[in-house]
Protein chains: 2
Amino acid sequence: MTIDTACQPPASNARRTGAPTVASDLRVALTRIARRLRAQRGEVDLAEGQFGVLTTLHKHGAMSPGALADHENVRPPSMTRTVNTLAEHGLVTKLEHPTDKRQVVVELSEAGHAEVRETRRRRDQWLTKRLQELTPEERDTLAAATKLLTRIANA
Amino acid sequence: MTIDTACQPPASNARRTGAPTVASDLRVALTRIARRLRAQRGEVDLAEGQFGVLTTLHKHGAMSPGALADHENVRPPSMTRTVNTLAEHGLVTKLEHPTDKRQVVVELSEAGHAEVRETRRRRDQWLTKRLQELTPEERDTLAAATKLLTRIANA
DNA sequence: TATTGTTATACTCTATAACTATA
DNA sequence: TATAGTTATAGAGTATAACAATA
């Protein structure tokens, strides 16, 4: 596939200068594991953005489409479409707001909750298998690192 | 935004059962950091799939559109479009294959190489800043964890 | 008059099917 | 006849602008 005349050495700047590569190596590993985790899906084949709405509702409870759009960083018309798609799949329910008739309340259905749980279960299962291939000492290292990574993730 | 009647407790299965949550916590942290890394872009505003083609060419050298499609898990017509877009931006060059006139050779231009380098530089910079906020001991822990995560990523 | 959500329309990315050129 | 790539066309997902209903 690759033609022999055009192969250049994959020289990263960090390695060329001899500078520390922990950040770079960590970035590559993190990115690759995240991609493999994303590939583990639940029952329903959802786009990542649609699944994101489910997790947000799972975490924060029912929200208006506008609030969801803010939270997911999309525009309101896009969220209208996303919510309608999820409603057609029976994963969310659109309800009237109790006092403000302009608003719509988007609520996760039981199927929606189940989809979030199942997807997380499969992703955790994949990662758990990988952890089981490590020694107890290595798992301790990763447990300690998890605390640090969590701090970084929320920084 | 959230209406008070519909908030349910965010009870994950792992926590409810008291089972170990390292895998789950690690997954959450990994996913979140990866998302924040992806948000660090280079000069040109490229979709993640388009940038993926640049990194593949950066790593493996010039390839045919078909080989790129295989590598990136998209269909050939999609890769044709992607490559044409990248070529219009001056990030890749389409060349004739030396012996097989059916084939096209897609080569990363100097601007393409620079885009890959710059994007990686910004992502490494973001992560380096986060690492600098840790103690030396914590950095040692993450350095050790990086080796393990790299192994997992490639498993 | 401001806010919430939707409809109308368009652009991007992806796909399948059909076509062209070459091996 | 098989292979590499493209063109034609369609389906998601997202965007901006314009509109409807309600506060």
Side-chain angles (χ1 to χ4, degrees), chain A residues 1-4 6 35 38-39 41-42 44-57 60 62-107 115, chain B residues 1-3 6 35 38-39 41 44-57 60 62-89 91-107:
Chain A
M1 307 294 183
T2 307
I3 72 163
D4 44 10
R35 184 163 56 236
R38 279 200 304 275
R41 306 295 187 87
V44 192
D45 189 35
L46 295 173
E48 199 60 25
Q50 297 178 337
F51 183 68
V53 170
L54 297 190
T55 60
T56 296
L57 293 172
H60 294 108
M63 295 171 80
S64 70
L68 276 172
D70 281 351
H71 195 274
E72 304 297 310
N73 283 303
V74 298
R75 296 316 121 211
S78 304
M79 189 50 69
T80 293
R81 262 183 131 268
T82 299
V83 165
N84 286 342
T85 302
L86 293 173
E88 281 163 24
H89 283 83
L91 298 167
V92 303
T93 313
K94 292 172 79 170
L95 305 170
E96 284 184 0
H97 191 281
T99 60
D100 188 338
K101 286 194 178 175
R102 291 174 306 179
Q103 289 194 46
V104 171
V105 175
V106 184
E107 188 183 60
E115 179 64 20
Chain B
M1 305 296 184
T2 307
I3 72 164
R35 185 162 55 237
R38 279 200 303 276
R41 307 296 187 86
V44 191
D45 189 35
L46 296 174
E48 200 60 24
Q50 297 177 336
F51 183 68
V53 170
L54 296 191
T55 60
T56 296
L57 294 172
H60 295 107
M63 297 171 79
S64 71
L68 276 172
D70 281 351
H71 196 274
E72 304 297 311
N73 284 302
V74 298
R75 296 316 120 208
S78 305
M79 190 51 69
T80 293
R81 260 187 132 267
T82 299
V83 166
N84 286 342
T85 302
L86 292 173
E88 282 162 25
H89 283 82
L91 298 167
V92 304
T93 312
K94 294 172 77 170
L95 305 170
E96 283 184 0
H97 191 281
T99 60
D100 188 339
K101 286 193 179 176
R102 291 174 308 178
Q103 291 194 47
V104 171
V105 175
V106 184
E107 188 183 60

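Values below: all heavy atoms of this structure, side chains included; hydrogens, waters and symmetry mates excluded. Here is the naming used below: chain letters follow the sequence lines, and residue numbers restart at 1 for every chain.
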Which value, rounded to the nearest 0.5 Å, describes the distance between A/Glu72 atom CD and A/Met63 atom CE?
-> 8.0 Å
A/Arg81 CZ to D/dT16 P, straight-line distance once rounded to whole Å | 15 Å
Interatomic spacing from CD in B/Glu88 to OG1 in B/Thr85 - rounded to 0.5 Å = 5.5 Å
Between CG of A/Asn84 and P of C/dA8 the distance, given in whole Å, is 13 Å
Expressed in angstrom and rounded to an integer, what is the separation of A/Glu96 atom CD from D/dA23 atom C1'?
-> 16 Å
More 5' along DNA chain D: A/Thr99 or A/Val74, using each one's nearest nucleotide?
-> A/Val74
Between D/dT14, C/dG5, D/dG5, which nucleotide has the shortest distance from any of its atoms to the side chain of A/Ser78?
-> D/dT14
NA contact type, B/Thr82, heavy-atom cut-off 4.0 Å: base, sugar-phosphate, or nothing?
-> sugar-phosphate
Starting at the 5' end of DNA chain D, which residue's closest nucleotide do you reach first, A/Pro76 or A/Leu46?
-> A/Leu46
What is the distance from atom OG1 of B/Thr82 to atom CG of B/Leu68, rounded to the nearest 0.5 Å?
-> 9.5 Å
Rounded to the Å, how far apart are B/Asp45 CG and C/dT12 C1'?
-> 12 Å
Between A/Asp100 (CG) and C/dA2 (C1'), how many Å, whole number?
-> 12 Å
Whole-Å distance between D/dT6 P and B/Gln103 CD?
-> 11 Å
Would you check if A/Val106 and A/Met79 make a side-chain contact, meaning some heavy-atom pair closer than 4.5 Å?
-> no
In terms of side-chain heavy atoms of A/Pro77, which of C/dT22, C/dT6, D/dA4 is nearest?
-> C/dT6
Atom pair distance, as rounded to whole Å: CG in B/Asp70 and C1' in C/dA15 = 16 Å
D/dT6 OP1/OP2 closer than 4.0 Å to side-chain N/O of B/Lys94 = yes
Look at B/Gln50 and C/dC13 and indicate whether a side-chain polar atom (N or O) is within less than 4.0 Å of OP1 or OP2.
-> yes
Counting distance only, does the side-chain N/O of A/His89 pair as donor-acceptor with the main-chain N or O of A/Leu91 below 3.5 Å?
-> no
Closest to the side chain of B/Arg102, out of C/dC13, C/dT14, C/dA23, is C/dA23
Side chain of A/Thr80 only, please: which of C/dT14, C/dA23, C/dT6 is the nearest?
-> C/dT6
Find the distance A/Leu68:CG to C/dT4:P and express it as a whole number of Å.
-> 14 Å
Is any side-chain nitrogen or oxygen of A/Ser64 closer than 4.0 Å to OP1 or OP2 of C/dG5?
-> yes
Look at the side chain of B/Arg75 and decide which nucleotide, out of D/dA15, D/dG5, C/dT16, has an atom nearest to it.
-> C/dT16
